[in-house]
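What follows is a short report on a single structure.
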Amino acid sequence: MSIGCIGKSKVPKIKNKKGIKMSIIKSEQLYEGKAKKVFATNDPELVIVDYKDDATAFNGEKKGTIHDKGIVNNKMSNHIMKLLEKDGIPTHFVEEISDRETVVKKVTIVPLEVIVRNIIAGSLSKRVGQPEGVKLNSAIIEYCYKDDELGDPMVNEYHIAALNWATKQEVATIAEYSLKVNEFLLKLLKEVGVDLVDFKLEFGRTSNGTIILADEISPDTCRFWDSTTGEKLDKDRFRRNLGGEEEAYQEMFKRLGI
Ligand code: ADP
Ligand code: UDP
C-alpha cells in the first residue's frame, strides 16, 4: 500500500480486488455511536472510524469528555491490532490516516460484547458477591447481547445459536480468538507493569463471511491496573469519579511506547 497526503489526513491507496491501486476517499457518515463515528468510503469493503473524546458510562446515563481520549484510543487500538495480526489474529485494521481516523475493513458486527476476565471486577464482583481484585483460576469468557435499550444483557452459546446471532462454529472461532487476544495482552501489559483485569471485544463478518476482530481495544474497553500500586489506568476513573482520567489514558499510551 502507498500513502498520498491531502491536508492533515493521509489518503491511503489500497489495491482493490482487481489489483488496481485506488485512493480511499471519506464519504457520508453511516453511524454515530457514543465514542466513534463511522464513515463510508469509495470502497464498499472499507469504512473510516473517527474516534471522539466523548465518554459515557452506565449505558449513556453519565456523559462527559476526556481530553484527547480519541487520539489515545485510535492509536492504542491500532498499535495492538497490528501486533495481533502478526500473532495470527485477523483484525479489521487497514491504515491509520490521522490522529483520530483509521481505515478499517467494513464488517457486519456480530451483536455480541465478548468479555474476557482474569481478575474479579465490575459487574462480576456484584454478580458473585466477591471483592474486586480476586484473581480467577482461569480466564472467563462472557457474552452480552449488544443492545443499549436492553442494557446489554448477558447471554450464553445457546441463546446465540438459537437466536441466529452467530453459528456454533463462529462462536468457537470468536472464543478461540478472544482467549488468544487475552494471552497476548496479558504478556504485553505485564512487560510494562500493568495487570489486565478484563476487557470487551467485538467481532464482525467480512463480505466473504470471515470472522475478524473489529471495534477497538483501549482504556475505554479494558480494565488496566498498575501492577505495583493497583492504580486504575482506564475508564473506571471516569465511571467512578476518581479524577485523573486524562492522565491515566496518557500513561497507558506512554507505557506501550506508542
Ligand atoms: P456504540 O455503538 O456502542 O455507541 P461506538 O461509539 O464505538 O459504539 O461506535 C462504533 C460502532 O461501529 C459500534 O457500533 C461498532 O460495533 C461498530 N464497528 C466497529 N468496527 C466496525 C467495522 N470494522 N465495521 C463496521 N462497524 C464497526
Ligand atoms: N465493557 C465495555 N463496554 C461495555 C461493557 C463493558 O467495554 O458496554 C468492558 C469494561 O470496560 C470492562 C469489561 O468490559 O473492561 C467488563 O465490564 P463489566 O461487565 O464488569 O461491566 P461494568 O462494571 O463496566 O459495568
Side-chain angles (χ1 to χ4, degrees), residues 29-41 43-63 69-70 73-74 77-78 81 90-95 100-128 130 132 136 139-154 178 181-182 185 189 195-207 210-225 232-240 245 248:
Q29 184 176 304
L30 299 174
Y31 177 79
E32 177 161 7
K34 298 185 288 295
K36 303 189 281 300
K37 294 178 185 172
V38 182
F39 292 87
T41 70
D43 183 330
E45 310 251 337
L46 301 174
V47 290
I48 291 173
V49 287
D50 187 340
Y51 287 71
K52 306 190 286 184
D53 285 351
D54 297 352
T56 63
F58 314 118
N59 207 8
E61 268 173 45
K62 179 175 160 75
K63 288 192 175 74
K69 170 173 89 77
N73 288 6
N74 182 38
S77 196
N78 293 342
M81 291 219 189
T91 78
H92 72 167
F93 176 79
V94 176
E95 188 75 42
R100 292 174 185 273
E101 295 164 300
T102 295
V103 178
V104 298
K105 291 177 192 152
K106 184 177 185 174
V107 295
T108 306
I109 292 284
V110 175
L112 296 172
E113 299 206 330
V114 182
I115 292 172
V116 182
R117 300 180 183 274
N118 300 301
I119 297 174
I120 294 181
S123 65
L124 180 64
S125 166
K126 294 193 185 110
R127 200 179 328 128
V128 299
Q130 291 205 34
E132 293 197 308
L136 295 162
I140 292 176
I141 299 186
E142 293 169 359
Y143 302 102
C144 295
Y145 175 45
K146 200 172 137 57
D147 187 313
D148 282 346
E149 281 186 16
L150 299 176
D152 301 334
M154 191 154 82
S178 299
V181 172
N182 189 40
L185 287 182
L189 291 162
D195 288 341
L196 177 63
V197 176
D198 56 31
F199 58 96
K200 183 266 301 180
L201 299 176
E202 292 183 26
F203 292 86
R205 289 179 204 95
T206 60
S207 58
T210 307
I211 292 282
I212 63 172
L213 180 63
D215 205 50
E216 66 176 283
I217 299 179
S218 73
D220 269 14
T221 62
C222 304
R223 285 196 169 96
F224 299 131
W225 291 355
K232 296 185 198 314
L233 298 171
D234 57 60
K235 198 171 146 187
D236 271 350
R237 301 208 72 84
F238 170 78
R239 292 189 190 101
R240 302 181 186 194
E245 44 270 52

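Order of listing sets the numbers, starting from 1, for every ligand and every atom in it.
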| message | Which protein residues come within less than 4.0 angstrom of ligand 2, counting heavy atoms only? | response |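 Lining ligand 2 at under 4.0 Å, by heavy atoms, one finds Glu113, Ile115, Arg117, Ala121, Gly122, Ser123, Asp152, Asp198, Phe199, Lys200, Asp220, Thr221, Cys222, Arg223, Arg239.
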
Salt-bridged, Asp198 to Arg223, with N to O below 4.0 Å?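 Salt bridge present between Asp198 and Arg223.
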
- Item | Basic-acidic side-chain contact under 4.0 Å: Lys69, Glu245 |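 Salt bridge flag = no for Glu245 with Lys69.
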
* salt bridge (charged side-chain N to carboxylate O under 4.0 Å, His left out) partners of Lys235, counting only residues at least two apart ->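 Per chain and number, Lys235 pairs via salt bridge (charged side-chain N to carboxylate O under 4.0 Å, His left out) with no residue.
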
Checking Asp152 side chain against Asp147 main chain: does a donor-acceptor pair fall under 3.5 Å?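 Yes, Asp152 side chain to Asp147 backbone: donor-acceptor pair under 3.5 Å.
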
Test your reading of the model: is there a side-chain donor-acceptor pair from Arg205 to the backbone of Val110, 3.5 Å cut-off?
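Here the side-chain-to-backbone pair does not exist.
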
Query raised in the report: In chain order, what residues pass the ring pair (Phe, Tyr, Trp, His ring centres under 6.0 Å) check against Phe93, with sequence neighbours excluded?
Result: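 Per chain and number, Phe93 pairs via ring pair (Phe, Tyr, Trp, His ring centres under 6.0 Å) with no residue.
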
Every residue of the protein that comes under 4.0 Å of ligand 1, judged on heavy atoms
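Lining ligand 1: Tyr31, Gly33, Lys34, Ala35, Lys36, Val38, His92, Val104, Lys105, Lys106, Val107, Ile109, Lys146, Glu202, Ala214, Asp215.
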
Positive for salt bridge (charged side-chain N to carboxylate O under 4.0 Å, His left out) with Lys36, one of Glu216, Glu202, Glu101: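 Single salt bridge (charged side-chain N to carboxylate O under 4.0 Å, His left out) partner of Lys36 among Glu216, Glu202, Glu101: Glu216.
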
Practice item. Indicate whether the side chain of Asn118 and that of Asn182 have a donor and an acceptor atom separated by less than 3.5 Å. Key: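 A donor-acceptor contact under 3.5 Å links the two side chains.
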
In this structure, which one of Asp53, Asp220, Thr221 forms a side chain to side chain donor-acceptor pair (under 3.5 Å) with Asn73?
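The single option meeting the side chain to side chain donor-acceptor pair (under 3.5 Å) with Asn73 is Asp220.
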
